[in-house]
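All ligand and atom numbering here is 1-based and tracks the order in the structure.
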Amino acid sequence: MTAETIDGKAFAATLRGKVGDQARAFEAAAGRQAGLAVVLVGEDPASQIYVRSKGKATLEAGMASFEHKLAADTPEAELLALVDALNADPAVDGILVQLPLPPHMNEAKVIATIDPDKDVDGFTVVNAGRLATGLHGFVPCTPLGCLMLLKDRLGDLAGLDAVVIGRSNIVGKPMAQLLLKESCTVTVAHSRTRDLADVVRRADIVVAAVGRPAMVTGDWLKPGATVIDVGINRVPGAEPGKTKLVGDVDFPSASTVAGAITPVPGGVGPMTIACLLRNTLVAAQRRAGVRGTEI
Ligand code: NDP
């Protein structure tokens with residue numbers, strides 16, 4: 001069997017187009033653009049790239065982008081004051097504080113300062129609780145994107161066996177909640193799980209969010225399973241001194257057994273930014289009382 005490759009890049013482009021259409025309609029109805037504020041503390045090169053691409057994508061979707069760059073040695077109180085100001089700013093619908101923060105800052109405290117109704121990353125305790133109890137809130141962008149890809153491929157997920165490998169607050173746990181909400185039978189695996197390959201082999205749906213290159217191999221999979229690879233791992237490339245990105249799933253062996261699989265890059269990655277734009281649009285619509293179409 002050769003698995004179908006799930007084209008997250010194409011799906012994300014379509015999603016961004018839909019967000020753009022509704023962002024224009026929002027502007028016409030509300031008399032202002034939807035706005036996303038992104039806060040970057042320090043000079044972490046990967047974070048700088050993420051923040052730049054988020055800003056560019058926000059503008060392309062017809063929304064306002066507010067970038068705030070603070071020096072790495074900024075006192076925590078100054079960051080908290082900025083978040084408070086953004087909470088109070090009517091032009092800002094979504095607030096994203098790029099992680100990781102420098103070691104002298106308490107990430108949980110900073111996230112807790114974000115107004116849950118502007119928390120488009122879905123990282124606040126309030127939004128985690130809303131997800132867990134079935135209330136409307138904001139769902140973290142990466143698992144939301146994974147769910148969209150799964151529903152697009154499989155339709156109704158009810159009754160399917162799903163294994164999520166990884167239990168982080170930003171990917172594994174919210175992914176498990178979303179799959180449970182879709183009436184899957186969900187197993188959450190982690191570093192202490194026994195016989196992980198046997199656990200994964202039961203799954204119709206496998207979501208790998210571990211951070212270990214090519215850990216999940218084809219012989220771990222049930223034939224025909226749908227595999228979502230969240231992992232982004234940089235490993236040495238074919239040429240000396242060059243690196244390349246690989247996922248947590250060994251694509252060559254997995255694609256001979258799975259029914260469908262996301263590639264890395266080009267699978268889950270592009271969905272994360274598209275879902276951030278989607279969440280920002282929804283935040284704007286909710287705050288302004290403007291109705292949109294569900295996307
Ligand atoms: P974390 O490091 O926070 O969590 C990793 C999880 O994997 C933990 O729950 C850990 O278990 C589990 N784990 C570690 N080793 C094993 C093992 N040998 N067997 C089973 N489980 C194991 O990572 P994140 O959730 O933040 O990210 C996971 C991956 O997804 C990373 O590669 C990251 O780069 C990528 N990522 C990609 C995004 C995208 O946009 N595509 C966005 C966010 C993340 P335990 O809890 O027991 O320690």
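- Contact check for Asp93 versus Leu36: no side-chain heavy atoms found under the 4.5 Å cut-off.
- Here Lys109 does not pair with Glu107 in a salt bridge; the nearest charged N to carboxylate O distance is not below 4.0 Å.
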List the steps and the verdict of side chain to side chain donor-acceptor pair (under 3.5 Å) for Asp119 and Thr124.
CA-CA 7 Å; Asp119 168 31; Thr124 57; 2.7 Å; yes
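- Residues Val268 and Tyr50 do not share a hydrophobic cluster, defined by chaining ILVMFWY side chains whose heavy atoms lie under 4.5 Å apart.
- Every protein residue with a heavy atom nearer than 4.0 Å to ligand 1 is included here: Thr142, Ile165, Gly166, Arg167, Ser168, Ile170, Val171, His190, Ser191, Leu196, Ala209, Val210, Gly211, Arg212, Met215, Val230, Gly231, Ile232, Asn233, Val268, Gly269, Thr272.
- A cation-pi arrangement, defined by a distance under 6.0 Å to the six-membered ring centre and an angle within 45 degrees of its axis, is present between Arg286 and Phe138.
- Between Thr142 and Thr272, the side chains place a donor N or O and an acceptor N or O closer than 3.5 Å (distance only, hydrogens not considered).
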